[in-house]
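Structure first, then comments.
Quick caveat: nothing in here was measured; it's all calculated off a predicted structure.
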Amino acid sequence: MKLNFLAFGLVILLGFSSYSQVEAPKFGKGLLNIVGKDSTWTMKFAMRMQFLGTATWDKSTDDGLVNPEQNFLVRRARLKFDGFAYSPKLRYKFELGLSNRDISGANQFTSNAPRYILDAVVMWNFYENFELWVGQTKLPGNIERVISSGNLQQVDRSLVNSRFNIDRDLGIQIRHHFNLTDKFLVREKLAISQGEGRNVTSGNLGGHQYTARIELLPFGKFISKGDYSGADLKREATPKLMLAATYDSNQNAVKTRSNLGSYMTNDVGFYETTINTTFVDAMFKYNGFSLMGEYAHRDAKDPIAKNSNGSQTGDIVLVGNGLNLQTGYLFKNNWEVSGRYTDINYDNVTGTNDQTQYTLGLSKYLLGHKLKVQTDLSYLSVANGTNELMYRLQMDVHF
């Protein structure tokens, strides 16, 4: 609560200290865009909210019972700050999450404090096409995770992302790009991080996490970074394609999903095993049509957690693979229809049932991703388990 008031007070202070009367930007361009008198710094402040309603019906394969459930919540509520300090080559991003789902996960390793901070990162273009990133932010993982939750094509990300993504962490990243031809762009991203996830204050429990990603854009850049946004809102006049691969190795990891999931404790403290995650993904856009595909694979040196005497603790690394295919078409009236197919296959050692999900989505973009209403209907089939039908309706407002 104190942090909420601090953030609010900071906005008011900046506004009144800069101008006696603030002239706000256009909707979707931030609440305040401040430039220092000597132009040595800038700050854009924005906020966004997502309101989500969900209804699910579970059907048991044994007795045929259908049990409806409903849920309404503020899915996301966030404050965002970005700009540059001293020089346009030294940029920064700071983002706070205020909804219950944003701040959940407090434990002894976060000093039992809510996890308010999503991003706190400085990005320094120190030489030609090289950038050094320092701080907490998303690792260069699968494309669906790196796309902002405010720029998604459907209500939320797929099961492949929720089961296999590598999320945020604290560390350093080196990013570089170059052109093979006039159009063919190559981007390289390397990261070394703590391997514990975001907002951990207790230090490193296992080893470190190493991530490498390469992106190939044979037809050149997408308009307005469209390769990192759902739906072809810019209606690319020529075909645009990004092909990418990521390899991530979390050495001596102590969580069931690399830097996510639950901690694997044993009789001597923590069970440690090296967890490797591979992603191959693609994004294609042309004239309102979009197609995104992702394949994820996770393995571990020894996925079954054990005590010092070799007995099993009950914790198991969630190893396996997943495939996600998603497509959509944006009509000229800014209505979009989309479809998604997701297939999750876990290794037998996990004891977890495979899952297949089909999703049909409908979106109305009132002002692009800054103001939109989205709805989708999903059918989840679980092998040897309970099938589920889920309907969702969500509104996104981004000032």
Side-chain angles (χ1 to χ4, degrees), residues 28 47-58 68-78 95 97-102 104 118 138 142-165 167 226 228-233 281 283 285 288-294 296 322-331 333-344 355-382 387-399:
M47 64 172 290
R48 54 178 287 239
M49 301 171 288
Q50 285 184 342
F51 309 102
L52 173 65
T54 304
T56 60
W57 296 264
D58 294 335
E69 295 183 3
Q70 299 84 35
N71 186 32
F72 298 91
L73 74 159
V74 179
R75 176 64 179 86
R76 295 176 176 93
R78 298 179 178 178
E95 184 170 353
L98 303 179
S99 72
N100 290 345
R101 291 192 61 170
D102 283 334
S104 62
L118 295 171
K138 293 177 183 177
N142 59 306
I143 183 62
E144 189 181 24
R145 182 65 189 95
V146 179
I147 291 175
S148 168
S149 58
N151 294 335
L152 297 176
Q153 185 173 44
Q154 295 190 335
V155 171
D156 216 335
R157 299 182 177 96
S158 70
L159 294 177
V160 166
N161 180 82
S162 64
R163 304 301 190 266
F164 295 101
N165 90 86
D167 204 62
Y228 283 87
S229 177
D232 185 18
L233 295 179
D281 52 66
M283 177 70 80
K285 291 185 176 182
F289 173 79
S290 62
L291 174 65
M292 180 182 71
E294 294 182 301
L323 174 67
N324 183 55
L325 299 174
Q326 184 170 311
T327 187
Y329 181 74
L330 180 72
F331 295 95
N333 59 2
N334 289 326
W335 283 91
E336 184 193 40
V337 292
S338 60
R340 180 162 70 198
Y341 167 78
T342 306
D343 187 54
I344 306 290
Q355 299 175 323
T356 302
Q357 188 175 55
Y358 306 87
T359 302
L360 180 64
L362 179 66
S363 300
K364 173 60 175 178
Y365 299 97
L366 301 172
L367 190 64
H369 287 295
K370 303 298 183 181
L371 182 61
K372 61 185 178 180
V373 179
Q374 296 179 296
T375 186
D376 60 29
L377 181 66
S378 297
Y379 176 73
L380 176 66
S381 175
V382 181
N387 297 335
E388 177 185 279
L389 186 67
M390 176 177 65
Y391 173 75
R392 298 183 294 189
L393 177 62
Q394 179 170 272
M395 183 175 187
D396 200 308
V397 182
H398 192 159
F399 289 92

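Using a 30° and 60° split on the angle between ring planes, Y358 and Y379 fall in the parallel class, below 30°.
For the atom pair R76 CZ and S99 OG, the distance stands at 8.0 Å (nearest 0.5 Å).
A distance-only check finds no donor-acceptor pair linking the side chain of D281 to the backbone of E294 [under 3.5 Å]. For the pair T375 (side chain) and R392 (backbone), a donor-acceptor distance under 3.5 Å is present. Checked by atom type and distance alone, the side chain of N387 pairs as donor or acceptor with a backbone atom of V382 at under 3.5 Å. A donor-acceptor pair under 3.5 Å links the side-chain atoms of R157 to the main chain of I147, judged by distance alone. At distances below 3.5 Å, not a single donor-acceptor pair connects side-chain atoms of S229 with backbone N or O atoms of G226.
Contact check for R75 versus M49: no side-chain heavy atoms found under the 4.5 Å cut-off. Taking the side chain as every heavy atom from C-beta outward, N324 and Y341 never approach each other to under 4.5 Å. Within the 4.5 Å cutoff, the side chain of W57 has heavy atoms near those of the Y391 side chain. With contacts defined as side-chain heavy-atom distances shorter than 4.5 Å, the pair F399/V397 qualifies. Contact of the T54 side chain with the F72 side chain is not registered, since no non-hydrogen atoms from C-beta on lie closer than 4.5 Å. Counting heavy atoms from C-beta outward, N71 and L52 have side chains that stay 4.5 Å or more apart. Residues T342 and T356 have side chains not in contact (no heavy-atom distance under 4.5 Å, counting atoms from C-beta outward).
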Inset, instruction - Verify side chain to side chain contact (heavy atoms under 4.5 Å, CB included) between L371 and M395, making sure each step is shown before the conclusion. - result: CA-CA 8 Å; L371 182 61; M395 183 175 187; 3.9 Å; yes
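A donor-acceptor pair shorter than 3.5 Å cannot be found between the side chains of S158 and N161. Side-chain contact, Q374 with S363: a donor N or O sits under 3.5 Å from an acceptor N or O. Side-chain contact annotation: Q153 with S290, donor-acceptor N/O pair under 3.5 Å present.
Electrostatic pairing of E336 and K372 does not count as a salt bridge here, judged by no charged N lying under 4.0 Å from a carboxylate O. A salt bridge between R78 and E95 is present, with a side-chain N of the basic residue lying under 4.0 Å from a carboxylate O of the acidic one. Under the 4.0 Å criterion applied to side-chain N and carboxylate O atoms, D396 and K370 are not assigned as salt-bridge partners.
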